[in-house]
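Order of appearance sets the numbers: ligands from 1, and atoms from 1 within every ligand.
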Amino acid sequence: MADTSLMSIPGHVDPVPVPRDVTPRADGRVDLVGLPRGRIAELFAAAGLDAKAAKLRAKQVFHWLYHRGVTEFEAMTDIAKTMRPWLAERFVIGRPEIVLAQHSSDGTRKWLLRTADGHEFEMVFIPDADRGTLCVSSQVGCTLNCRFCHTGTMRLVRNLTPGEIVGQVMLARDALGEWPRGAGDSRPATMAGLDFDEDESDEGHYSADGRLLTNIVMMGMGEPLYNFDNVRDALKIVMDGDGLALSKRRITLSTSGVVPQMARCGEEIGVNLAVSLHAVSKEVRDEIVPINRKYGLDELLQACADYPGASNARRITFEYVMLKDKNDSDADARELVRLLKHYKLPAKVNLIPFNPWPGAIYECSTPERIRRFSEIVFEAGISAPVRTPRGRDIDAACGQLKTAAQKLSRAELDRLADEKQAALG
Ligand code: SAH
Ligand code: SF4
């Protein structure tokens, strides 16, 4: 049994983890993408290498896969020429397949991707003046059904494997031409200014200078804390100094509030936390973020107060989608401030104008309302920027992700919503 992934199946209590092996391929070869060094060494040993050789080769292959981004064993120049075909006969370097790549008029890019077993999901790249953020998916679909979110209208098809999660970051590096050529090599112009770490530390040290992809947010399709093990294993490779080498300070995981997994997220992954709060009363949050019926506001905010690693230097982001006449009054803004202060949270608030999608029952608050809401929070000493919607013309903005293959009828949607609510208890 491989250690690569666990798949959750939505059930009446919490999703039940079921072991999932490496996704099998018809030709019998094993895909190495998503596997840690130790697992690669085990596979090499099982294929016939002695323990010492397996460990050494695994270290080299890990570096080529994740740090240099090669897609063929033939390119692994420090591995003996005769060894490379041996590897290629038994293993593959997989990437999710790109079905469609779209470019927004504002520079945002969206890719529709497909897993080896035919499921589609999306990733989005958002360039800014001083940073470039990759929005990564953790599941195909979502078990939850937040009322304002397009992904929430999809059934959970399955959890993404570590390879499919880390594969998104690798594909983005491919598309942006941002693989380092390695210490000592001349590097492309886009890599100039790269703060390249050559010691054996296990954390990333790339600086933002001159690079396009600088930050990662787990804010694509799915609830990352309902696919905890795979998200953790993928992010460990992303953070590994000899892997994709992105600092944990540049990675943010967004959760709708899966309280029992939040402490583990801080302890075992250590990335920044964003919480999809969206409402300050039980009544409204129960309606728009139904997981609130299971883990209420008090429990959620207490888990935030206890989040390992949170401090004034590393504040927790509270996302708040602005829905007209639903959660956007002055009183809501004041209650938000009161709650954040009551729990003494090192907080910043991110106000997200609602992004519409076909069939959505909400409207976005007016710009004046959003500005007033932001002022109230800001005047209380809490930063509350309004997020500029990006990539709306290609349906790449927050909450618009939903693959065409998954479009369901209204009747199916209603039935699904009932099922999901029953599962939440
Ligand atoms: N499942 C996780 C992460 C993915 S959603 C979560 O819920 O946090 C990423 C963010 O987009 C969340 O804050 C979510 O609430 C927000 N979002 C979803 N639909 C939206 C929409 N239509 N307009 C604006 N933001 C939306
Ligand atoms: Fe799932 Fe997040 Fe969308 Fe809610 S907002 S349905 S948790 S993806």
**Message:** Would Y362 count as a contact residue for ligand 1, given that I'm defining contact as a non-hydrogen atom of the residue lying under 4.0 Å from a ligand atom?
**Reply:** no

**Message:** Distance check, rounded to the nearest 0.5 Å: I237 atom CD1 versus D242 atom CG?
**Reply:** 11.5 Å

**Request:** Give a yes/no answer: is there an N/O/S atom of C146 under 2.8 Å from atom 4 (Fe) of ligand 2?
**Result:** yes

**Asked** What is the nearest protein non-hydrogen atom to atom 3 (Fe) of ligand 2, stated with its residue, atom name and distance?
**Response** C149 SG, 2.4 Å

**Fill in**
OG of S138 to CD of E164, rounded to nearest 0.5 Å, is 11.5 Å

**Asked** Counting only N and O atoms by type, is there a donor-acceptor contact under 3.5 Å from the side chain of R109 to the main-chain atoms of Q102?
**Response** no

**Fill in**
L297 and K282 have their tightest heavy-atom pair at CD1-N, 4.0 Å

**Complete:** Out of C146, G222, S254, C142, the nearest non-hydrogen contact to atom 1 (N) of ligand 1 is supplied by G222

**Asked** Looking only at heavy atoms, is any part of I352 under 4.0 Å from ligand 1, and if so is it the side chain, the backbone, or both, or is it neither?
**Response** side chain

**Message:** Starting from atom 12 (C) of ligand 1, what is the nearest protein heavy atom, named by residue and atom, and what distance separates them?
**Reply:** S276 OG, 3.2 Å

**Asked** Is there a donor-acceptor pair under 3.5 Å between the side chain of N327 and the backbone N or O of V321?
**Response** yes

**Asked** Rounded to the nearest 0.5 Å, how far apart are CD1 of I352 and NE2 of H278?
**Response** 5.5 Å

**Request:** Using atom types as modelled and distance alone, determine if a side-chain donor or acceptor of E287 lies under 3.5 Å from a backbone N or O of E283.
**Result:** no

**Message:** How far is atom 1 (Fe) of ligand 2 from the closest protein heavy atom, and which atom is that?
**Reply:** C142 SG, 2.3 Å

**For atom 25 (N) of ligand 1, the protein heavy atom that lies nearest, with its residue and separation** = C398 CB, 3.3 Å

**Fill in**
When distances are taken from atom 2 (Fe) of ligand 2, the protein heavy atom at minimum range is G222 O, 4.4 Å

**Message:** Which option wins on minimum heavy-atom distance to atom 9 (C) of ligand 1: M219, M218, M322, R387?
**Reply:** M219

**Asked** Where on V289 is there a heavy atom closer than 4.0 Å to ligand 1, on the side chain, on the backbone, on both, or on neither?
**Response** neither

**Request:** Please confirm whether R37 makes a cation-pi placement over F62, using NZ or CZ under 6.0 Å from the six-membered ring centre and within 45° of the ring normal.
**Result:** yes

**Cation-aromatic face contact R173/W179, 6.0 Å, 45 degrees** = yes

**Asked** Out of curiosity, is M221 lining ligand 1, as in a heavy atom under 4.0 Å away?
**Response** no

**Prompt:** Quick one: does G220 get an N or O within less than 3.5 Å of an N or O on ligand 1?
**Reply:** no

